[in-house]
Asker: 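The structure follows.
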There are 2 protein chains.
Amino acid sequence: MDIIHPVGRLVEWSRGEKSEWCSLERALDVLANRSTFLVLREAFYGARRFDAFTRGTGLTEASVAKRVRELVAAGLLTRQDYQEPGERTRQEYVLTESGRALFPAFVALQRWGDEFREDRPAVVELVHAGCGAPVDAVVRCTHAHDVTIDQVEARLRTP
Amino acid sequence: MDIIHPVGRLVEWSRGEKSEWCSLERALDVLANRSTFLVLREAFYGARRFDAFTRGTGLTEASVAKRVRELVAAGLLTRQDYQEPGERTRQEYVLTESGRALFPAFVALQRWGDEFREDRPAVVELVHAGCGAPVDAVVRCTHAHDVTIDQVEARLRTP
DNA sequence: GCGCTGGCTATAGAATAGCGCAGTCAGAGG
DNA sequence: CCTCTGACTGCGCTATTCTATAGCCAGCGC
């Protein structure tokens, strides 16, 4: 296993093959557009119904339909039947484990927007229901150390 | 200050105004495309020079030029002069504090790609230089509690 | 003063994203 | 049966993204 430090050297090896092995690119295949993030935001805020996604995001129905279809195909949402009393059965879209696993990314982006894109102060704040303290996304290793960007090494697993 | 729980109710209030106060949308104004994330990835991997960005991302020079211009304008990168011995002065692009603050988001997306988009196993792994353990992005409150998606409340700050 | 290298810009084209608007479709209530 | 609501689909349009190819410019070394 190679150790790359400073991580800058990684760029020397990438040339063409990076898209095959970079997990970020695989993530971006599903996520790299504005409306996908907005639909996921609504899902994190508890939205399940088509109508809630369109009203919550301000996107057109056509855009939401496309995103939702993609997200179901990619396994971030599942389609489920539901029926309200006196109504016919309809479908709703529920986050899968994969979708829920994106929550740290959502928090990270939201908090970054709070702090570094502050044309006006943040109006919504995410807090820990248990203690009321605001939440943030942090980078941590499996030994529970907080890790700054300078303390990260990239290792190439040569197969 | 209103407490919203379940957070789903948030969608009821949003109608049109959400883009004004949602920090995620402000973040997406800069970030919502594939090439921006790729350029930032290279910056996190230590790239500073135009050439390193193009070779590392596989994007065309035109795309990189546009992204880099945007990222400088948005304050995530700064342009600095540098001069290698026997070379003329050139410019390089260095992450600002704002740019570095996106690192948790980068890690979160990268790790999510590892785990949930695994057409083939992850080839690059980010580890803590101090102890060698792999890193991940987690959501935590300022009282140092780990917070799951179910334990999060959204509070509206009414101004 | 010529070539080379790094760092761009210009142009043209394909694909995708997103909008507004209009229409469809299923089924419950009247 | 007719209407209403939620959940879509289709069309026409524009803006943005990204690619490919080509060329420009500065200045160091020869």
Side-chain angles (χ1 to χ4, degrees), chain A residues 8 11-12 15-16 18-19 25 28-43 47-74 77-94, chain B residues 8 11-12 15-16 18-19 25 28-43 47-74 77-94:
Chain A
V11 299
E12 305 294 332
R15 196 111 189 90
K18 189 172 281 179
S19 57
E25 299 209 17
L28 293 177
D29 288 343
V30 202
L31 299 171
N33 63 72
R34 178 183 186 81
S35 51
T36 301
F37 275 104
L38 296 184
V39 167
L40 284 174
R41 175 189 68 188
E42 295 308 309
R48 294 172 154 234
R49 290 159 57 163
F50 187 87
D51 185 53
F53 288 119
T54 56
R55 281 186 298 112
T57 58
L59 297 168
T60 60
E61 295 168 338
S63 292
V64 173
K66 194 173 181 199
R67 284 318 134 213
V68 158
R69 232 181 294 131
E70 283 176 10
L71 289 171
V72 169
L77 297 177
T78 40
R79 237 171 110 103
Q80 293 183 3
D81 289 343
Y82 77 96
Q83 184 163 24
E84 293 202 352
E87 293 284 325
R88 70 179 217 265
T89 66
R90 302 185 190 276
Q91 280 77 46
E92 60 183 3
Y93 299 92
V94 184
Chain B
V11 300
E12 305 295 332
R15 197 114 187 88
K18 189 171 282 180
S19 56
E25 299 208 17
L28 293 177
D29 288 342
V30 202
L31 299 170
N33 63 71
R34 177 182 187 82
S35 50
T36 300
F37 275 105
L38 296 184
V39 167
L40 284 174
R41 175 189 68 189
E42 295 307 308
R48 296 173 152 233
R49 290 158 57 162
F50 187 87
D51 185 53
F53 288 119
T54 55
R55 283 187 298 115
T57 57
L59 299 167
T60 60
E61 295 169 336
S63 291
V64 173
K66 192 171 183 202
R67 283 318 133 214
V68 157
R69 230 181 296 132
E70 283 177 9
L71 288 171
V72 169
L77 297 178
T78 40
R79 238 170 111 104
Q80 293 182 2
D81 289 343
Y82 76 98
Q83 184 162 25
E84 294 202 351
E87 293 283 326
R88 71 179 217 263
T89 66
R90 300 185 191 277
Q91 280 78 46
E92 60 182 4
Y93 299 92
V94 184

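In what follows, chains are A, B, ... by sequence order, proteins preceding strands, each numbered from 1. Fair warning: this is a prediction, and the values are worked out from it, not measured in the lab.
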Asker: Starting at CZ of B:Phe37 and ending at P of D:dC18, how long is that distance when rounded to a whole Å?
Answerer: 12 Å

Asker: Closer than 4.0 Å, any side-chain N/O of A:Thr54 to the OP1 or OP2 of D:dA7?
Answerer: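 Negative; the distance criterion is not met.
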
Asker: Is the shortest distance from a Lys or Arg side-chain nitrogen in B:Arg34 or A:Glu25 to a carboxylate oxygen in the other one below 4.0 Å?
Answerer: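 Counted as a salt bridge, because a side-chain N and a carboxylate O are separated by less than 4.0 Å.
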
Asker: In sequence, state the C-alpha distance, the side-chain angles, and the governing distance for A:Arg48 and A:Tyr82, and then conclude on side chain to side chain donor-acceptor pair (under 3.5 Å).
Answerer: CA-CA 10 Å; A:Arg48 294 172 154 234; A:Tyr82 77 96; over 6 Å; no

Asker: Measure the NZ-OG1 distance between A:Lys66 and A:Thr36 for me, rounded to the nearest 0.5 Å.
Answerer: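 Rounded to the nearest 0.5 Å, the NZ-OG1 separation comes out at 9.5 Å.
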
Asker: For B:Gln91 and D:dG27, give me the distance from atom CD to atom P, rounded to whole Å.
Answerer: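 The answer, rounded to whole Å, is 10 Å.
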
Asker: If you walk 5' to 3' along DNA chain C, what is the first nucleotide with an atom under 4.0 Å of a heavy atom in chain A, and what is the last?
Answerer: C:dA17 to C:dG29

Asker: So what does A:Ser35 touch, heavy atoms closer than 4.0 Å: a base, only the sugar-phosphate, or nothing?
Answerer: sugar-phosphate

Asker: OP1, OP2 of D:dC8 versus side-chain N and O of A:Arg79: anything below 4.0 Å?
Answerer: yes

Asker: Taking the nucleotide of DNA chain D with the closest heavy atom to each, which residue, A:Val68 or B:Ser63, is nearer the 5' end?
Answerer: A:Val68

Asker: Please classify the nucleic acid contact of A:Tyr82 as base, sugar-phosphate, or nothing, using heavy-atom distances under 4.0 Å.
Answerer: sugar-phosphate

Asker: Take atom CZ of B:Arg67 and atom P of D:dT17, then tell me their distance rounded to the nearest Å.
Answerer: 5 Å

Asker: Could you tell me whether A:Tyr93 contacts a base, only the sugar-phosphate backbone, or nothing, with contacts defined as non-hydrogen atoms closer than 4.0 Å?
Answerer: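 Sugar-phosphate, no base atom in range.
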
Asker: Under 4.0 Å: is that the gap between some side-chain N or O of B:Lys66 and OP1 or OP2 of D:dC18?
Answerer: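 Answer no for this pair, as no side-chain N or O of B:Lys66 is under 4.0 Å from OP1 or OP2.
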
Asker: Looking at A:Gly56, is its backbone amide N or carbonyl O close enough to the side chain of A:Arg41 to form a donor-acceptor pair, meaning the two atoms are under 3.5 Å apart?
Answerer: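 The answer is yes, because a donor-acceptor pair under 3.5 Å joins these two groups.
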
Asker: What is the separation between atom CG on A:Asp29 and atom C1' on D:dT17, rounded to the nearest whole Å?
Answerer: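 In whole Å, D:dT17 C1' lies 15 Å from A:Asp29 CG.
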
Asker: Would you kindly give the CZ-to-P distance between A:Arg48 and D:dA7, to the nearest whole Å?
Answerer: 13 Å

Asker: As a test of reading the structure: which of D:dA7, D:dA22, D:dT19 is closest to the side chain of B:Ala62, going by heavy atoms?
Answerer: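 When the side chain of B:Ala62 is considered, D:dT19 is the closest of D:dA7, D:dA22, D:dT19.
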
Asker: Does the side chain of B:Asn33 get closer than 4.0 angstrom to OP1 or OP2 of D:dT16 through an N or O atom?
Answerer: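 For D:dT16, neither OP1 nor OP2 has a side-chain N or O of B:Asn33 closer than 4.0 Å.
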
Asker: Nearest 0.5 Å, please: how far is CZ in A:Arg67 from OG1 in A:Thr57?
Answerer: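 It is 11.0 Å, given to the nearest 0.5 Å.
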
